[in-house]
Amino acid sequence: MPDSEKQQATAPYASWKSFKTFLELLADMGVPERIDRTVMSRMSGATQSNIRVALLFLKLTDSDGSPTTALRELVDSHGANEEWKSALRGVILPAYEPVIADLSLDAGTADQLWKCFREHGGVRGSTLSRAVRFFLAALREAGVSHSPYFKPPRRPSPPKVKEESERVPGIAKTPETRRPPQEKKGSESREPAVAKNLGDNRGAGWRSHSFHLPNYREPVEVKAPEKITKEEWELINLFMVGTIRLAERAPSPSDCSEDEGQVAGRGA
């Protein structure tokens, strides 16, 4: 077989339970002329795609979804314990042979198993873990013994969610975004992190504070004293909210009548 043909379809990474449920559906309703999305209409789009990958890899369908003789024989054997296991072994072992050809099923290690799937199964990351789980579940279902060291790799941990000031470039950590120091339980009260007495800050240094707003590419900059207090930030916030509301307010009836009078006067 040419090397190009050995680069077979991706190893199945569907849930084995979902795959087996689909075969039970075919056993109840019969194998159709073609396996398409209408046959799997009760499943989610992702599950449909995953099952089609499994059917193609296991040579149970052609590339166009047409069922093979192996699929019909496997479905016909469903419900008969030994016949089912025998038919399943006849599907699973030949399909995975190019992936685990150099691996000992009886004494291989987990690391060797993962390497085979990475190099010959076309899977990585979380898909690698799911593909190995499918394979091991299929072996158990078919009654095939395997190395006690075989196990799926751990799934990658989700990325840590950063604070807004770390996640969005350009947002500076201001007194508003900084977390106040935690008070130790039972300790004496300390001075607050922000002084309540505003005092005279005219001699303080000034700096620009940048903020990112949704739908705006450039950051909004506010120039304020470097040692601004929490109360002063709240005052700026009130001023900005009031200004925006004033700008959005529609002209009052008296303003309209005055404008109309001036226009009428000019017309006269």
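Please read these numbers as outputs of a predicted model, since none were measured by experiment. The chain is numbered in sequence order, starting from 1.
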Does a side-chain heavy-atom distance below 4.5 Å link P67 with R72? yes
Write down the atom of P12, the atom of Y96, and the distance for their closest heavy-atom approach. CD-OH, 3.4 Å
Give every donor-acceptor pair under 3.5 Å between a side-chain atom in residues 45-56 and any protein atom, sequence neighbours left out.
| unit_1 | atom_1 | unit_2 | atom_2 | d |
| --- | --- | --- | --- | --- |
| T47 | OG1 | S44 | OG | 2.9 |
| Q48 | NE2 | M40 | O | 2.9 |
| Q48 | NE2 | M43 | O | 3.0 |
| N50 | ND2 | A46 | O | 3.3 |

Enumerate the ring-ring contact (aromatic ring centres under 6.0 Å, His included) contacts for residues 63-82, please, sequence neighbours excluded, ordered by first and then second residue. H78-W84
Could you list the residues that satisfy side-chain contact (heavy atoms from CB on, under 4.5 Å) with S86, not counting sequence neighbours? R89
What's the spacing between C116 SG and D102 CG if we round to 0.5 Å? 6.5 Å
I92 side chain near V144 side chain, heavy-atom distance below 4.5 Å: no
Applying side-chain contact (heavy atoms from CB on, under 4.5 Å) to A137 and not counting sequence neighbours gives W16, R140
Would you compute the distance between atom NZ of K85 and atom OG of S77 and round it to the nearest 0.5 angstrom? 12.5 Å
CG of L103 to CG of L113: how many Å apart, nearest 0.5 Å? 6.0 Å
Test applied, side chain to side chain contact (heavy atoms under 4.5 Å, CB included); reference residue, L26; option that passes from V75, D76, L74: V75
For S147 and G108 the tightest heavy-atom approach is OG-O, 2.6 Å
One should read off an interatomic distance between L105 CG and H146 NE2, to the nearest 0.5 angstrom, of 9.0 Å
Is it the case that the side chain of T68 and the backbone of K59 share a donor-acceptor pair, with hydrogens and angles ignored and the cut-off at 3.5 Å? yes
Would D36 and V39 count as a side-chain contact (heavy atoms from CB on, under 4.5 Å) if you check the C-alpha gap in whole Å, the side-chain angles of each, and the deciding distance to 0.1 Å? CA-CA 6 Å; D36 55 30; V39 178; 3.5 Å; yes
Just checking, is any N or O donor in the side chain of D106 or S104 under 3.5 Å from an acceptor N or O on the other one? no
Determine, step by step, whether T21 and E24 satisfy the side-chain hydrogen bond (donor to acceptor under 3.5 Å, both in side chains) criterion, reporting the C-alpha distance in whole Å, the side-chain angles of both residues, the deciding distance to 0.1 Å, and the verdict. CA-CA 5 Å; T21 299; E24 292 172 354; 4.5 Å; no
Look at the side chain of D62 and the backbone N and O of D64, then say whether any donor-acceptor pair between them is shorter than 3.5 Å. no
What's the separation between atom OG in S129 and atom OH in Y13, rounded to the nearest 0.5 Å? 14.0 Å
Measure the acute angle between the ring planes of F19 and F134, then classify it against the limits of 30° and 60° as parallel, tilted or perpendicular. perpendicular
Atom CG of L60 and atom CD1 of I35: how far apart are they, to the nearest 0.5 Å? 9.5 Å
Do P153 and V132 touch side chain to side chain, with heavy atoms closer than 4.5 Å? yes
Just jot down the salt bridge (Lys or Arg N to Asp or Glu O under 4.0 Å) partners of E141, sequence neighbours excluded, or say none. K20
Is there a ring pair (Phe, Tyr, Trp, His ring centres under 6.0 Å) between F135 and F150? Walk through the geometry before answering. CA-CA 10 Å; F135 173 65; F150 284 173; 7.2 Å; no
Taken in chain and number order and not counting sequence neighbours, the residues that satisfy side-chain contact (heavy atoms from CB on, under 4.5 Å) with R118 are W114, K115, R124, L128
Spell out, as yes or no, whether a donor-acceptor pair under 3.5 Å connects the side chain of E83 to the backbone of A80. no
Answer yes if the side chains of T109 and D111 hold a donor-acceptor pair under 3.5 Å, and no otherwise. no
Where do P152 and L136 come nearest, in terms of heavy atoms and distance? CD-CD1, 3.9 Å
